[in-house]
**Student:** 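First, the structure itself, so that you have it in front of you.
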Amino acid sequence: MLSLDDLTYSYSQSHESPIIQGLSMNVHAGEFISIIGVSGSGKSTLFKLIAGLLEPNCCEIHIHGEKCTTNRLGEVAYMPQKDLLLPWRTVLDNCLLPWEFNRKPSRGHKKEVIANIQRMLERFGLGKYEHCYPNELSGGMRQRVAFLRTLITGQDLLLLDEPFGALDAMTKKEMHRWLLELWDDLFKTVLFITHDLEEAILLSDRIYLLPSEPDQGVQEMHVNLPRPRHYVMNYDPHFIQLRQDLEQRLYEKTFI
Amino acid sequence: MLSLDDLTYSYSQSHESPIIQGLSMNVHAGEFISIIGVSGSGKSTLFKLIAGLLEPNCCEIHIHGEKCTTNRLGEVAYMPQKDLLLPWRTVLDNCLLPWEFNRKPSRGHKKEVIANIQRMLERFGLGKYEHCYPNELSGGMRQRVAFLRTLITGQDLLLLDEPFGALDAMTKKEMHRWLLELWDDLFKTVLFITHDLEEAILLSDRIYLLPSEPDQGVQEMHVNLPRPRHYVMNYDPHFIQLRQDLEQRLYEKTFI
Amino acid sequence: MRRPLYKQWVHDYGWFVLLIPLLLVSWQSVVTLGWVPSFIIPAPTSIVLALFEDSHLLLGQHLIATLEEVTLGFLLSVIGGVMLAVGMHIFRPIEKALYPFLIISQTIPLIALSPIFIMWFGYTIWSKVAIVFLTAFFPIVVSTYDGLKKGDGDYTELLLTMGAKRWDIFRTIEIPMALPSFFSGLKLSIVYCVVGATIGEWLGGTEGLGYFSRRMSSNMHTDAMFASILLLSLLGISLFITIVIIEKQLLKRRGSTK
Amino acid sequence: MRRPLYKQWVHDYGWFVLLIPLLLVSWQSVVTLGWVPSFIIPAPTSIVLALFEDSHLLLGQHLIATLEEVTLGFLLSVIGGVMLAVGMHIFRPIEKALYPFLIISQTIPLIALSPIFIMWFGYTIWSKVAIVFLTAFFPIVVSTYDGLKKGDGDYTELLLTMGAKRWDIFRTIEIPMALPSFFSGLKLSIVYCVVGATIGEWLGGTEGLGYFSRRMSSNMHTDAMFASILLLSLLGISLFITIVIIEKQLLKRRGSTK
Amino acid sequence: NSNQVSTSSEKELQELSIMLDWYPNAIHSFLYTAQKNGYFSDQGLDVNIQMPAETNDSLKLVAAGKIDLALSYQPQVLMARGENIPVKSIAAIVRHPLNHLMVPADAKVKSPKDLVGAKVGYSSIPLYEAMVHTMIRNDGGTSENVKMIDVGYDLIPAIATSKVDAIMGGFINHEQLILAKQGHTMLSLNPTEYGVPDYYELVLVASVQGLKDKPELLSKFVAAIREGQQYVQQHPDQALSVLFEHEDQTSPLDKDIETKSLQILLPLMDAKERPFGYQELESWENVNQWLMTNKLLPNTINVNEAFINL
Ligand SMILES: Nc1ncnc2c1ncn2[C@@H]1O[C@H](COP(=O)(O)OP(=O)(O)OP(=O)(O)O)[C@@H](O)[C@H]1O
Ligand SMILES: Nc1ncnc2c1ncn2[C@@H]1O[C@H](COP(=O)(O)OP(=O)(O)OP(=O)(O)O)[C@@H](O)[C@H]1O
Ligand SMILES: [Mg+2]
Ligand SMILES: [Mg+2]
């Protein structure tokens with residue numbers, strides 16, 4: 001699905017050390033992969049590289065097995081850290097954006113797309129807010145709309161940059177439940193940046209830990225919990241053990 | 001320290017139902033109190049009311065035992081949800097803001113304040129970024145600067161609106177450790193909005209659960225863990241039990 | 001806000017409306033007391049009288065002629081200005097090459113070039129339209145261009161990942177972002193348009209409020225001259241208000257950009 | 001960017017600098033080929049020649065006089081404009097009462113009011129300064145006021161909780177937020193200033209580039225007239241560039257406002 | 001059909017455009033009369049009357065072939081020729097200066113030499129400066145101590161508000177009358193009495209090229225205005241009403257002033273035994289000489305080429 005081989009990137013030539021150095025990663029179709037790393041370790045940068053907003057200094061990015069050298073834009077769905085809803089468009093119109101830019105014949109009729117969006121808005125608890133402007137929504141609601149907009153793109157590979165970061169505990173839990181229930185029918189591949197370890201374990205098949213110093217190399221962790229998962233399994237002893245393991249890996253580096 | 005009695009607020013008279021209705025709350029000096037509630041339940045609004053940015057429709061707000069009817073502004077330290085760093089000021093100058101507006105003779109000399117800020121920046125892992133502009137920092141770094149700026153005000157009562165919401169797991173853990181270590185020397189009273197249940201339990205003396213419907217009344221939960229606490233006590237059976245209790249209270253309302 | 005419309009109006013313009021009669025009365029008395037000779041500033045009453053006396057000519061002929069020049073010149077400068085601004089925005093070399101000329105064009109007093117305009121356009125409406133165009137052009141180009149530059153990098157990146165092309169980004173991000181600034185330019189520009197038309201009419205011609213005012217001034221009919229200036233001013237204000245109303249209509253249904 | 005300064009310069013203005021000789025050459029040939037009579041548009045070479053011939057008068061006397069008027073008028077309009085904008089921003093009724101007058105003041109062609117200026121200021125520099133002031137005032141007030149209104153509600157709230165007073169918010173939030181807009185106003189305004197001075201000099205006086213250009217036009221010395229217009233234009237551009245440099249100096253050290 | 005007939009008959013008329021020196025006023029009665037009474041169409045001319053922004057524009061536009069004829073001033077024609085602007089005067093319309101030095105009647109200034117140390121306002125034309133200097137010097141004063149102020153278009157406000165002590169550039173048939181009407185009686189000092197050569201205030205100008213291309217048309221035009229002027233002289237009231245009628249459609253004229261103006265003008269336009277518009281070589285030579293001594297002209301002008309009697 002996606003493979004990175006020895007990816008290196010730095011924002012400016014003169015920059016002493018690159019943000020990302022020698023990163024290799026392999027993502028299979030249908031996998032859910034979380035990426036964890038300290039702030040500034042280059043997670044968002046990695047996503048921009050995959051999405052095609054930035055060009056890596058040296059490396060090959062393969063999506064769907066094909067080598068993407070030039071224009072990867074429009075191949076993956078990307079949800080940035082900020083919600084970036086257009087303030088002059090209603091919730092519905094914001095969600096229609098990906099459809100507007102889609103020039104493939106498969107994009108479907110506007111009416112169908114709207115009906116689909118309305119259904120999903122309902123599911124996200126935003127049914128009433130369809131015709132609201134973003135500035136009339138709370139931070140959490142805006143984030144949900146942005147997530148919805150990402151799903152609407154219809155791409156197979158989703159890059160989610162802290163999609164649930166701004167959600168409250170309850171809504172987040174509900175989103176987990178919903179996502180887990182839906183997961184097997186979605187047939188999507190997800191790369192997921194999060195700072196919530198439980199969330200990472202709960203949702204992922206694998207977790208990549210980005211190093212805080214670019215030259216230390218990524219760590220990989222397999223989450224061998226059975227699927228389908230349930231959203232309240234976080235008191236499961238296996239789950240707790242995984243979590244302790246993950247925390248240890250993280251903190252042994254940070255606090256000696 | 002702070003007491004609210006039957007607080008009611010709605011943004012506009014014509015609004016059908018108030019955002020906050022009949023909320024009572026009592027905060028003692030030195031307490032650490034977390035506030036949890038679904039998105040849109042009025043947590044940020046509550047903080048604005050306490051800070052004096054909004055006037056409640058009917059209610060009395062007492063700070064330090066005195067009834068504050070008119071101008072409460074400048075009495076409490078408030079950290080909003082967005083970082084709101086001034087983009088044209090360096091990190092250091094942003095942190096100097098509270099000092100600039102402080103007209104009390106006790107505000108100290110600029111040099112001392114700068115030295116103090118520099119010490120704290122070091123502690124927050126931002127030592128190198130003192131002279132950077134906010135747009136040169138990552139999201140997490142910005143949030144840390146904003147938190148630091150709130151501490152610099154020197155107020156006894158801190159209102160923190162998701163201060164660690166944008167931090168990565170490691171940095172957050174470190175902030176917890178640091179905050180818990182410091183806590184007993186700080187002599188501050190904190191009201192803390194968070195969506196992270198573990199964080200709430202780890203840090204708080206009490207937790208208030210705001211209802212999703214304003215008329216259902218708040219729930220209160222005592223966290224009877226001994227102080228001083230340690231940042232890795234989250235596998236303590238008592239801790240896990242508290243957390244399960246909290247989750248139950250939250251979700252029984254949301255998912256019947 | 002459910003405030004009744006008229007109350008809103010009183011709140012907004014009450015002060016202005018109060019100030020107006022005050023000013024008029026003091027003006028009138030300054031003139032009638034003879035502190036200022038009436039051939040330099042006529043009293044408001046005699047201006048209004050002159051307006052009525054010549055109302056047929058002023059309203060029926062000259063106002064219409066000026067309005068025509070202003071409308072044509074303004075529309076052309078909006079079209080041309082927006083096109084140039086967009087061109088400069090999309091293709092940087094255009095900006096680099098033309099921006100200095102734009103500024104140069106504004107530093108040259110247009111009247112000094114009157115023979116050139118007449119040579120090119122003759123004594124038709126087009127020589128006046130050309131001058132209106134040149135006065136109105138600059139604010140539109142500058143503000144539209146500045147507005148387009150505001151387009152936010154983050155939004156652009158997001159849209160790019162959705163497969164948006166240059167044109168999509170222009171349409172969905174840059175135009176809406178530029179609108180407020182564009183309207184600031186329009187508001188400045190429409191005001192300058194009226195002055196531009198007046199200057200244009202001085203170059204020659206046989207109608208228009210500027211022509212009339214100059215004729216009256218050369219005969220020292222100061223009151224009739226002020227009457228035509230009053231009309232010019234009213235024309236400018238009405239056009240300005242029209243733009244404001246269009247702006248409100250267009251922008252009211254969107255959330256704030258912040 | 002570590003790009004050498006001259007390279008940056010070439011990149012920025014290369015196109016413009018390329019276009020200039022091209023234009024000049026075609027202008028020259030149009031005139032020498034007799035397509036346009038030289039008494040309507042003189043050839044660039046004869047303009048430059050006239051500039052050298054009269055350089056003593058033009059540079060030594062008239063340029064200085066015009067510069068003086070522009071500087072005085074511009075400074076006054078910056079001071080007055082900023083004060084009015086701040087006043088309108090801080091005290092809403094001032095805005096409500098004065099904004100309409102501001103617009104009215106722009107719709108009135110200043111030349112029509114020349115007798116009033118002469119009555120009040122005589123044939124001193126002040127009648128010209130007054131006209132410069134009036135032309136330059138409007139863009140400054142409008143853009144400064146618009147800039148001040150941009151002040152962000154969230155920032156204001158945060159500062160209020162820190163105990164900031166009105167003045168603190170003005171100083172720390174509103175002024176920095178208004179600066180870019182203020183400079184846009186300055187840039188527009190300085191360009192209009194030069195035209196304002198020219199018009200002011202036409203009203204009467206004994207020196208200045210506007211006076212000289214009109215005199216030369218009466219004498220049919222078209223080349224000398226264009227020489228003084230060239231100087232006026234250069235003056236406007238130099239002043240514009242000065243403002244741009246000041247703006248860059250002031251704003252370069254801050255992060256983007258976005 | 002009839003429409004086509006009328007257009008074809010109009011086509012036979014030759015178009016000719018003339019640019020006035022200023023807005024239409026009593027001076028131009030002869031033009032409007034010629035038009036109204038059909039003298040132009042009798043000559044096969046269709047005359048189109050334009051107004052200028054600047055008096056100097058008209059000379060340039062004639063020279064550039066944008067218009068056929070212009071009303072201008074005699075010294076201006078010589079100065080234009082000095083700048084190689086190919087124009088030629090073909091008729092003298094007003095034969096004597098209308099442009100007098102004016103001082104308030106109640107002022108102490110009674111003759112030009114009294115102006116030493118005073119402020120004189122003039123309307124942008126350097127020629128007027130030279131006239132003031134000549135008049136003062138001729139009157140025995142020193143012209144260096146006179147402060148000349150260019151007052152642009154605002155001659156009347158300048159003198160009426162006493163910002164200057166005298167004005168040069170005002171016409172006795174216009175500014176003086178208006179000032180008198182406003183209650184500012186003026187003493188006018190005729191420049192010809194103080195050393196300035198008697199010059200033609202208003203001349204009719206065509207371009208050298210035009211004279212080459214269509215001399216007959218221009219002759220016909222001159223013939224038509226002769227008829228017009230004759231009518232004006234005989235029936236001044238009717239001529240004025242033609243003018244008023246024409247002007248009322250755009251900007252009404254002040255009837256009192258124009259009536260008085262025409263009374264002043266008629267004798268000054270009268271060429272006596274010569275036909276209306278006739279130009280004397282002597283006048284051109286005098287003016288040329290005077291302009292040269294005042295350094296307003298290079299000494300390269302051949303006055304014979306500056307005018308032609310049609
Ligand atoms: N456009 C840019 N130009 C230069 N440096 C940048 C740019 N964007 C980010 N950086 C730098 O690159 C580093 C990585 O940034 P990035 O946003 O990828 O971090 P992150 O892992 O997403 O952090 P967070 O968890 O806070 O979102 C940071 O040190 C940042 O300062
Ligand atoms: N200025 C305002 N005017 C009108 N309504 C507002 C305003 N600010 C917030 N609201 C509404 O008040 C409600 C509570 O908002 P608030 O920001 O207090 O929620 P919150 O609990 O902080 O949510 P979150 O967890 O997403 O930050 C929301 O429904 C919101 O739409
Ligand atoms: Mg990031
Ligand atoms: Mg909130």
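Throughout, protein chains are lettered first and strands after them, A, B, ... in sequence-line order, and every chain is numbered starting at 1.
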**Student:** Do the charged groups of D:D168 and D:R171 touch, with an N to O distance under 4.0 Å?
**Tutor:**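 So D:D168 pairs with D:R171 through a salt bridge.
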**Student:** Identify which part of B:L86 has an atom lying under 4.5 Å from any heavy atom of chain D, answering side chain, backbone, both or neither.
**Tutor:**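 Both parts, backbone and side chain.
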**Student:** Is it the backbone or the side chain of B:P98 that comes under 4.5 Å from a heavy atom of chain D, or both, or neither?
**Tutor:**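 Contact with chain D is through both the backbone and side chain of B:P98.
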**Student:** Shorter than 4.5 Å, heavy atoms on both sides: which option in B:L159, B:V76, B:T150, B:L85 has the most such pairs with chain D?
**Tutor:** B:L85
**Student:** Could you walk me through whether B:M25 and B:I35 pass the side-chain contact (heavy atoms from CB on, under 4.5 Å) test, one step at a time?
**Tutor:** CA-CA 11 Å; B:M25 206 180 252; B:I35 292 169; 4.1 Å; yes
**Student:** Under a 3.5 Å distance rule, please check whether B:K188 uses its side chain to pair with a backbone N or O of B:Q155 as donor and acceptor.
**Tutor:**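 Here the side-chain-to-backbone pair exists.
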**Student:** Give the intermediate values and the outcome of salt bridge (Lys or Arg N to Asp or Glu O under 4.0 Å) for residues D:E95 and D:R92.
**Tutor:** CA-CA 5 Å; D:E95 190 237 320; D:R92 265 344 257 307; 2.9 Å; yes
